[in-house]
Amino acid sequence: MNEHMPSAAAKSAITEEMQVRCCVAGGGPAGMMLGFLLARAGVEVIVLEKHADFFRDFRGDTIHPSTLELMYELGLLDAFLQVPHQTLQEAGGVIGDETFLLADLSHLPTHCKYIALMPQWDFLNFLAKQAKPYPTFHLKMEAEVTDLLWEGEQVVGVRATTPQGELVVHADLVIGADGRHSVVRERAHLEIMDLGAPIDVLWLRLPKEPTDPTRSLGYVKAGRILILIDRGDYWQSGVVIPKGKFAEIRQQGLASFQADLVNHAPFLAGRVETIESWDAVKLLTVRVDRLRQWYRPGLLCIGDAAHAMSPVGGVGINLAIQDAVATANVLAEKLGAGPVAAEDLAQVQQRRAWPTRMTQGLQLLIHKRLLRPALQEESVALPVYVRWLLRIPWLRRIPARIIGIGFRPEHVQTPEIRQEQRL
């Protein structure tokens with residue numbers, strides 16, 4: 001019996017069946033952006049999101065200038081900026097007792113010369129709202145993809161579970177945009193290259209007061225790294241720890257953890273007590289990996305499903321969105337006519353593989369040269385050569401460009417096709 005063939009029991013359990021040109025597994029940034037762009041170009045697409053809503057705390061919420069530029073190209077920038085957000089034009093840190101400015105985004109060749117700090121659920125809701133008017137766009141919540149449909153070696157759709165029963169979606173193309181724990185890439189037996197990561201991150205919220213610093217900063221002291229992201233009335237805080245050390249930190253007690261936060265950023269004294277239990281501290285297990293091959297006939301993985309990124313630089317969401325734009329640029333017109341060839345899917349990987357390798361390589365270098373030593377050393381200080389480099393203002397434009405724009409920014413090339421244009 002073919003291992004890809006469903007059993008008779010599985011067939012009898014089907015409660016809903018549908019046919020589309022493209023089925024996107026995962027309603028994250030890559031999946032929602034691709035679904036919107038394909039529907040905008042007249043392609044019948046359904047996005048399957050396993051959760052009932054987009055609300056997930058401590059997701060990446062840095063919308064970089066490259067993504068804001070895409071909003072401009074789509075004619076959506078003014079509407080997008082009406083969504084509540086904060087802006088970040090400079091990025092810096094504190095190593096030991098020395099404060100430094102790493103990146104100045106004010107010189108970027110983009111319409112928005114800053115990072116927009118916006119909860120990811122607001123960003124995804126915005127995309128869903130923009131996509132909804134297109135009749136070829138479908139979004140189904142509480143639909144968790146569990147398996148792939150095969151005809152020989154060709155992927156021809158997915159199986160998903162919903163509160164109403166099983167859903168079977170037949171599609172000319174399946175997109176795996178279901179994150180770093182992707183079911184799609186697992187069921188497709190795609191080879192994962194684990195590049196390693198020596199860190200994990202603990203996420204929590206801390207109250208913000210008017211007298212606090214006005215800039216989001218990273219605080220590096222011996223044994224721990226604290227990241228504070230300004231979210232208006234609170235600090236979204238990330239504590240970088242050696243991989244696998246969370247259990248040991250918990251054993252030392254909540255009071256010790258609170259004291260450590262104040263040691264890094266003394267102005268937090270008097271409010272770390274708002275962390276009343278470990279339930280308020282969320283563990284992000286950091287992975288850095290990528291697929292050797294992103295596709296099978298009839299299937300393509302993008303975003304974290306194709307390449308899990310480190311939180312360094314906060315660029316993961318933006319890299320995923322760039323993948324979605326490249327995918328639409330390459331495939332939208334061909335998908336409008338039917339199935340796409342494996343060579344077309346390979347073209348997407350060829351387009352996005354280089355910026356992925358470059359970004360991950362830089363992240364791994366930072367892990368090795370800065371984060372790992374900082375988490376191991378008894379004392380840390382800004383290297384002399386780095387201190388001198390950071391005194392030259394125009395040099396800050398280099399990390400600003402890498403963080404804000406990336407190594408290969410994409411631009412929207414797909415047309416907008418209204419229903420009346422198709423009649």
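The shown structure was predicted, so the numbers you read here are calculated from the model rather than taken from an experiment.
Residues I227 and I225 approach most closely at CD1-CG2, 4.0 Å, considering heavy atoms. For L148 against A188, the heavy-atom pair with the smallest separation is CD1-N, 3.8 Å. In this structure, L68 and C112 approach most closely via the heavy-atom pair CD1-CB, 3.6 Å. F137 and A39 make their closest contact through CB-CB, 3.4 Å (heavy atoms, listed as atom of the first residue, atom of the second, distance). Contact between A30 and I302 at its shortest, heavy atoms only, is CB-CD1, 3.9 Å. A52 and E142 get closest at one heavy-atom pair: CA-CG, 3.5 Å.
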Please tabulate, one pair per line, all N/O donor-acceptor pairs under 3.5 Å involving side-chain atoms of residues 360-367, not counting sequence neighbours.
unit_1: Q360; atom_1: OE1; unit_2: R290; atom_2: NH1; d: 2.8
unit_1: Q360; atom_1: NE2; unit_2: D289; atom_2: O; d: 2.8
unit_1: Q360; atom_1: NE2; unit_2: A308; atom_2: O; d: 3.1
unit_1: Q363; atom_1: OE1; unit_2: S310; atom_2: N; d: 3.1
unit_1: Q363; atom_1: NE2; unit_2: S310; atom_2: O; d: 2.9
unit_1: Q363; atom_1: NE2; unit_2: V312; atom_2: O; d: 3.0
unit_1: H367; atom_1: NE2; unit_2: S310; atom_2: OG; d: 2.9

Result block: side-chain N/O donor-acceptor pairs under 3.5 angstrom for residues 246-258, not counting sequence neighbours:
unit_1: E248; atom_1: OE1; unit_2: K245; atom_2: NZ; d: 3.3
unit_1: Q258; atom_1: NE2; unit_2: V272; atom_2: O; d: 3.2
unit_1: Q258; atom_1: NE2; unit_2: I275; atom_2: O; d: 3.0

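We find that R187 and D178 are not joined by a salt bridge, their nearest charged nitrogen and carboxylate oxygen being 4.0 Å or further apart.
Within the 3.5 Å criterion, the main-chain N or O of H64 finds no donor-acceptor partner in the side chain of T62. Judged by distance alone, the side chain of R185 and the main-chain N or O of R180 form a donor-acceptor pair under 3.5 Å. Judged by distance alone, the side chain of E410 and the main-chain N or O of Q322 form no donor-acceptor pair under 3.5 Å. A donor-acceptor contact shorter than 3.5 Å is absent between the side chain of R296 and the backbone of V155. In this structure a side-chain-to-backbone donor-acceptor pair under 3.5 Å is present from N125 to W121.
For the pair K208 and W235, the distance from NZ or CZ to the six-membered ring centre is under 6.0 Å and the angle to the ring normal is within 45 degrees.
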Hey, mind stepping through L300 and Q349 against side-chain contact (heavy atoms from CB on, under 4.5 Å) and telling me if it holds? CA-CA 9 Å; L300 173 68; Q349 179 176 348; 5.5 Å; no
Show your reasoning for whether side-chain contact (heavy atoms from CB on, under 4.5 Å) applies to T285 and K243. CA-CA 8 Å; T285 302; K243 179 164 288 295; 3.8 Å; yes
side-chain contact (heavy atoms from CB on, under 4.5 Å) for Q130 and M71? Distances and angles first, verdict last. CA-CA 11 Å; Q130 302 306 315; M71 294 295 108; over 6 Å; no
Please determine whether side-chain contact (heavy atoms from CB on, under 4.5 Å) holds for the pair H307 and D323, giving the CA-CA distance in whole Å, both sets of side-chain angles, and the decisive distance to 0.1 Å. CA-CA 10 Å; H307 46 73; D323 285 357; 2.5 Å; yes
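Applying the salt bridge (charged side-chain N to carboxylate O under 4.0 Å, His left out) definition to pairs two or more places apart or across chains, none involves residues 119-136.
How far CG of L261 is from OG of S237: 7.5 Å, rounded to the nearest 0.5 Å. To the nearest 0.5 Å, atom CD of residue E17 and atom CZ of residue R159 are 8.5 Å apart. Atom CG of residue D104 and atom CZ of residue R401 lie 14.0 Å apart, to the nearest 0.5 angstrom. With rounding to the nearest 0.5 Å, the separation of CG in L173 from CG in L34 is 8.5 Å. Interatomic distance, CZ of R352 versus CD of Q350, reported as 13.5 Å (0.5 Å rounding). Taking CG of N318 as the reference point, atom CD1 of I63 lies at 6.0 Å (rounded to 0.5 Å).
Under the 4.5 Å side-chain criterion, counting only non-hydrogen atoms from C-beta, E69 is in contact with H111. Counting heavy atoms from C-beta outward, T67 and F80 have side chains that stay 4.5 Å or more apart. Between V183 and T146, the closest side-chain pair of non-hydrogen atoms is not below 4.5 Å. Side-chain contact between T162 and L48 is absent, with no heavy atoms from C-beta onward closer than 4.5 Å. By the 4.5 Å heavy-atom criterion applied to side chains, M32 and L139 are counted as neighbours. Contact annotation: the side chain of L74 approaches that of L37 to within less than 4.5 Å [non-hydrogen atoms, C-beta and beyond]. Within the 4.5 Å cutoff, no side-chain heavy atoms of R21 are placed close to those of L38. In this structure, L228 and F267 have side chains that are in contact, with non-hydrogen atoms separated by less than 4.5 Å.
Within a 6.0 Å radius of CD in E333, other residues, nucleotides and ligands contribute 12 heavy atoms or fewer. Heavy-atom contacts from other residues, nucleotides or ligands closer than 6.0 Å to CD of E273 number more than 12.
With 3.5 Å as the limit, one finds a donor-acceptor pair spanning the side chains of H138 and E44. In the model, T87 has no side-chain atom that pairs as donor or acceptor with a side-chain atom of H85 under 3.5 Å.
When the options I403, L108, L70 are evaluated for a side chain to side chain contact (heavy atoms under 4.5 Å, CB included) with P65, the one that passes is L108.
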